[in-house]
Amino acid sequence: MQALSEKLESCANEMRKIQREMQKLASSKATYISQNNENQMVKEEFDRLEEDATVYKLVGPLLVKQEVVEAKGNVNKRLEFITGEIARLDNASQEFEKKLGEKQEEMMRIQQEFQALRAKATKS
């Protein structure tokens, strides 16, 4: 009975650890989604610009002139990276959900064993 109790506690701890990791992933995903939205707006603004427009990039405390094509390329690269990160986080989240489901099933099995042993002990 002691061994089952320890297994149950260990399983519960692992479930909590998985849930914390899932919360971290959700927080990171929310950050990337926000960045994606901001960069989409910048991309839309750049799409409205004419090729000979003047664009400045903030480098530290300075505004440095930058070519429109280069600025558009940088935004597109950022969007690709962010989209990739969101996809990676989605995949990781699905893996954690799968692990969590497995742990929940394991915990239910342990609880059933525990209850069966308890019922057997009370009959004796």
Handout entry: Any side-chain donor near an acceptor of the partner, Arg88 and Asn91, under 3.5 Å
Key =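 No, because no side-chain N or O of Arg88 sits under 3.5 Å from a partner of the opposite role on Asn91.
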
Practice task
Examine the side chains of Gln2 and Glu6 and answer whether a donor and an acceptor come within less than 3.5 Å of each other.
Solution key: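 Yes, because at least one side-chain N or O of Gln2 sits under 3.5 Å from a partner of the opposite role on Glu6.
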
When rounded to the nearest 0.5 angstrom, what distance separates [atom1] in [X] from [atom2] in [Y]?
{"X": "Ser93", "Y": "Lys98", "atom1": "OG", "atom2": "NZ", "value": "14.0 Å"}
{"X": "Glu113", "Y": "Arg109", "atom1": "CD", "atom2": "CZ", "value": "8.5 Å"}
{"X": "Cys11", "Y": "Glu105", "atom1": "SG", "atom2": "CD", "value": "10.5 Å"}

I'd like to check the salt bridge (charged side-chain N to carboxylate O under 4.0 Å, His left out) partners of [X]; sequence neighbours left out, ordered by chain and number.
{"X": "Lys43", "value": "Asp47"}
{"X": "Glu38", "value": "none"}
{"X": "Glu106", "value": "Lys103"}

Practice task
For Val69, enumerate each residue passing the side-chain contact (heavy atoms from CB on, under 4.5 Å) test, keeping only those at least two apart in sequence or located in another chain.
Solution key: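 side-chain contact (heavy atoms from CB on, under 4.5 Å) check on Val69 returns Glu51.
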
Handout entry: Exercise: identify the closest heavy-atom pair between Pro61 and Leu58
Key =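 Pro61 and Leu58 have their closest heavy atoms at C-CD1, 4.4 Å.
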
Exercise for the section: Can you see which heavy atom on Ala53 is nearest to which on Val68, and at what distance? Expected result: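 Smallest interatomic distance, heavy atoms only, reads O-CG2, 3.2 Å.
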
Exercise for the section: Give a yes or no on whether Lys72 atom NZ has more than 12 heavy-atom contacts from other residues, nucleotides or ligands under 6.0 Å away. Expected result: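 Yes.
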
Expected list for residues 18-33: side-chain donor-acceptor pairs under 3.5 angstrom, two or more places apart:
{"unit_1": "Ser28", "atom_1": "OG", "unit_2": "Lys24", "atom_2": "O", "d": "3.2"}
{"unit_1": "Lys29", "atom_1": "NZ", "unit_2": "Asp90", "atom_2": "OD1", "d": "2.6"}
{"unit_1": "Thr31", "atom_1": "OG1", "unit_2": "Ser27", "atom_2": "O", "d": "3.1"}

Are [Y] and [X] connected in a single hydrophobic cluster, I mean Ile/Leu/Val/Met/Phe/Trp/Tyr linked by side-chain heavy atoms less than 4.5 Å apart?
{"X": "Met41", "Y": "Phe46", "value": "no"}
{"X": "Leu49", "Y": "Val42", "value": "yes"}
{"X": "Leu89", "Y": "Leu79", "value": "no"}

Exercise for the section: Could you point out which residue of Gln66, Glu67, Glu70 forms a side chain to side chain contact (heavy atoms under 4.5 Å, CB included) with Lys57? Expected result: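 The residue from Gln66, Glu67, Glu70 that satisfies side chain to side chain contact (heavy atoms under 4.5 Å, CB included) with Lys57 turns out to be Gln66.
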
Problem - Contacts of Asn39 that satisfy side-chain hydrogen bond (donor to acceptor under 3.5 Å, both in side chains) - sequence neighbours left out - result: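 Arg78.
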
Practice task
Go through the steps to decide whether Arg48 and Glu45 satisfy the test salt bridge (charged side-chain N to carboxylate O under 4.0 Å, His left out), and finish with yes or no.
Solution key: CA-CA 5 Å; Arg48 290 186 207 133; Glu45 289 292 321; 2.8 Å; yes

